[in-house]
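Input: a single structure, listed below in structure tokens.
Both counts, for ligands and for their atoms, begin at 1 and track the order of listing. Just so it is clear, the model here is predicted, and its values are computed rather than measured.
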Amino acid sequence: MITKYCFGTPFETEAVAMKLNSTTVTSSDLTKEDSKDVFSFPISIKSDHNFFLEYDMAKDDIVYGLGEANRGINKRGYQYISYCTDDPNHTENKFSLYGAHNFIIIDGDQCFGLFFDYPGKLTFDIGYSSYSKLRVVAEEANLYLYVISGASSYDIIKQFREMIGESYLPPLWAFGYQQSRWGYKTASDIRTVADEYQKHGIGLDAIYMDIDYMEQYKDFTVDEEKFPNFTEFVAEMKNRNIHLVPIIDAGVKIEDGYSVYEEGVANNYFCKREDGTDFIAGVWPGDTHFPDFFKKDAREWFGNKYQTLLEKGIDGFWNDMNEPAIFYSKEGLDEAYEEVKKMENKELYLSNIFHLKYLMDSLQNKEDDHKRFYHDVEGKKVRHDKVHNLYGYYMTRAAGEAFHNLNESKRILLFSRSSYIGMHRYGGIWTGDNHSWWSHLLLNIKMMPSLNMCGFLYSGADLGGFGGDVTRDLMLRWLAFGIFTPLMRNHSAIGTRNQECYEFESAEEFKHLIGIRYRLIPYLYSEFVKAVKKNDMLFRPLAFDYPNDPLSRHIEDQLMLGEGLMIAPVYTQNATGRYIYLPEDMLYLKFTKDSDFSMEVLTKGHHYIEVDLSEVPLFVKQNHILPLAKEAENTATLDRKNFTILCYLTKEASYEFYEDDGITLPANGTTNILTIDCPNAAQIVNSEFQFA
Ligand code: GLC
């Protein structure tokens with residue numbers, strides 16, 4: 001059951017798709033002796049000029065949720081600040097990442113979900129200041145609070161997902177392996193990547209075009225010198241079954257003669273300063289204006305611009321720098337210069353040197369800058385910081401709405417760096433600039449279920465890590481996890497070591513891993529579409545499938561994947577394997593380099609499994625069926641009719657296999673029910689199967 005409470009005058013974010021009547025909370029409600037009478041749960045709330053919620057957590061309570069956030073699946077013991085932030089160095093001491101997903105579930109004797117629909121800065125202190133206290137604080141007491149009760153966390157999540165609306169569905173090719181790098185500058189650079197992958201027989205469905213494809217980083221332009229005959233180039237790649245995916249940045253370069261800039265200025269489509277002039281922020285192109293995605297006409301205008309690339313044959317995009325990221329503002333620079341001037345004739349104490357350094361560093365993503373520009377929300381001026389977390393959402397919504405209007409029956413790949421709940425209906429996300437660190441591989445693993453809780457199904461991290469130099473073993477281990485994430489993209493920063501699969505010794509080990517991805521795509525895709533339609537999760541904590549198993553409750557480095565699988569990635573350097581826990585007897589499938597795969601039944605309990613680099617362990621729950629395809633070099637040539645059926649059978653088993661053409665909307669494909677009868681004795685099934 002969901003109850004919607006209204007505090008003050010909330011901003012209508014459009015995070016929630018379902019129409020629900022709200023109960024206005026009065027000050028007398030908040031002074032009632034027993035807050036359970038108001039909220040059904042003993043949460044206490046104070047809301048005068050700011051909003052403060054408190055709940056006493058029991059010792060064993062787990063807190064799930066928060067989507068793209070730091071640390072573990074259980075969010076307890078730390079503080080998280082929902083404030084979309086461009087932080088490429090997000091070590092474990094950071095409070096904010098690129099997304100703001102304000103949904104949590106308290107899982108204990110009392111089990112309930114809370115969604116704070118509030119687009120400004122929101123702090124979740126989950127046992128950080130005091131281990132037993134959950135405290136949620138907003139700067140203003142204007143928000144909707146949704147309280148969701150249900151039989152379990154899993155049930156609460158499904159209700160929440162139904163409330164926020166169906167998740168975005170990408171085309172099938174977006175489940176293929178994708179290669180990216182900030183540094184491919186010309187068509188010939190991209191052709192080399194395609195050639196090398198195909199020469200090595202390594203699967204590939206897409207290559208990304210980072211900012212260098214544009215003319216001086218101007219959105220919706222293509223540099224003709226670097227990409228002559230772009231339309232033909234896109235077609236050439238498509239003939240090779242490779243899709244090109246260009247980046248679109250939020251900031252529009254200020255340059256006379258550049259039509260996007262001129263139209264934006266002429267029609268008041270850009271964010272304004274308080275005095276009504278267009279706000280200037282420094283991003284990749286230098287000085288830019290930010291489109292005011294809060295204005296419907298500006299959204300339509302910007303969204304329709306994607307057509308210039310769609311017309312050239314492009315069918316996928318990634319939206320970036322949309323927190324929005326700001327390298328400097330004019331005002332910030334002026335202030336810093338002023339300070340520097342004051343220091344000019346002072347003696348250079350060490351503290352002054354540090355202050356100088358601080359002044360320069362703090363120019364970037366300065367929160368003060370968020371108070372320097374405004375959005376026009378149906379004629380009302382709203383200061384950016386108060387709705388900051390919606391900017392990336394509305395940029396992606398602009399694109400998603402335009403795609404729908406241009407051709408409602410075609411799926412376009414779309415994902416964003418910054419996001420808020422609600423954006424999951426328009427696109428997926430990648431988790432921003434991570435590093436080639438083992439800790440970021442682990443963070444990637446732990447984040448997947450949380451993202452799914454908040455509706456973000458099509459998601460993934462920069463495999464191999466964006467910043468820093470990846471080592472071969474980290475790349476292999478990360479890919480061995482990445483073969484399970486819907487977005488499987490290897491991406492890295494300019495200046496870092498090349499990390500395309502063919503750049504490493506023994507490329508065949510990489511080919512082997514990516515081959516496994518293609519074998520799994522029919523299952524992953526079938527599970528993905530079902531999860532979209534049923535408001536379900538693709539990645540789940542073990543506790544959701546084994547609620548009565550006390551050990552499962554605390555496992556964070558193994559995940560359930562789709563209805564019948566469990567994964568247990570290796571995420572430490574020099575490990576030759578890892579310990580795993582099985583909540584029941586399972587079929588242990590190991591994809592090995594030399595043979596196809598090995599199979600054995602492992603019993604409930606603890607085990608140590610040997611996992612060599614480029615091997616992949618996978619567990620199939622008993623009486624669940626894994627349909628495994630043959631290897632392919634892309635999704636276009638993937639055989640989705642003939643499968644090897646794997647199963648550990650103790651009674652009958654069935655699998656609901658969904659398939660469609662992978663491109664049409666709505667997704668009304670066919671569902672085949674695959675059944676295997678009850679055996680005389682427990683057995684492993686390994687048989688060939690052909691769908692009609
Ligand atoms: C940002 C993005 C990164 C991209 C870079 C250059 O850092 O997060 O993915 O490569 O900008 O466009």
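In this structure, the side chains of M448 and S459 come closer than 4.5 Å at one or more pairs of heavy atoms.
With hydrogens and angles disregarded, no donor-acceptor distance shorter than 3.5 Å links the side chain of T123 to the backbone of I81. Here the side chain of N634 pairs a donor or acceptor atom with the backbone of A636 at under 3.5 angstrom. Between the side chain of R372 and the backbone N or O of R273 there is no donor-acceptor pair closer than 3.5 Å.
With a 4.0 Å heavy-atom cut-off, ligand 1 is reached by no atom of Y98.
Atoms of ligand 1 found under 4.0 Å from any heavy atom of I247 (numbered from 1 in listed order, with element): 12 (O). When each atom of ligand 1 is checked for a heavy atom of H491 under 4.0 Å away, the hits are 3 (C), 4 (C), 9 (O), 10 (O). Near I211, meaning under 4.0 Å from any of its heavy atoms, are these atoms of ligand 1: 6 (C), 12 (O). Counting the atoms of ligand 1 from 1 in the order shown, those under 4.0 Å from a heavy atom of R417 are 1 (C), 2 (C), 7 (O), 8 (O).
Ring geometry for Y393 versus Y420: interplanar angle under 30°, hence parallel rather than tilted (30 to 60°). Taking the six-membered ring where the residue is Trp, Y458 and F415 present tilted rings, their angle falling between 30° and 60°.
In this structure, the protein non-hydrogen atom closest to atom 5 (C) of ligand 1 is W182 CE3, 3.8 Å. For atom 2 (C) of ligand 1, the nearest protein heavy atom (residue, atom name, distance) is D320 OD2, 2.9 Å.
Below 3.5 Å of separation, one finds no N or O of W430 facing any N or O of ligand 1. Of the N or O atoms in D210, one or more lie within a sub-3.5 Å distance of an N or O in ligand 1. Polar contact with ligand 1: present for D433 (N/O pair, distance under 3.5 Å).
For the pair K218 and Y258, the cation sits on the ring face: its NZ or CZ lies under 6.0 Å from the ring centre, inside 45° of the axis.
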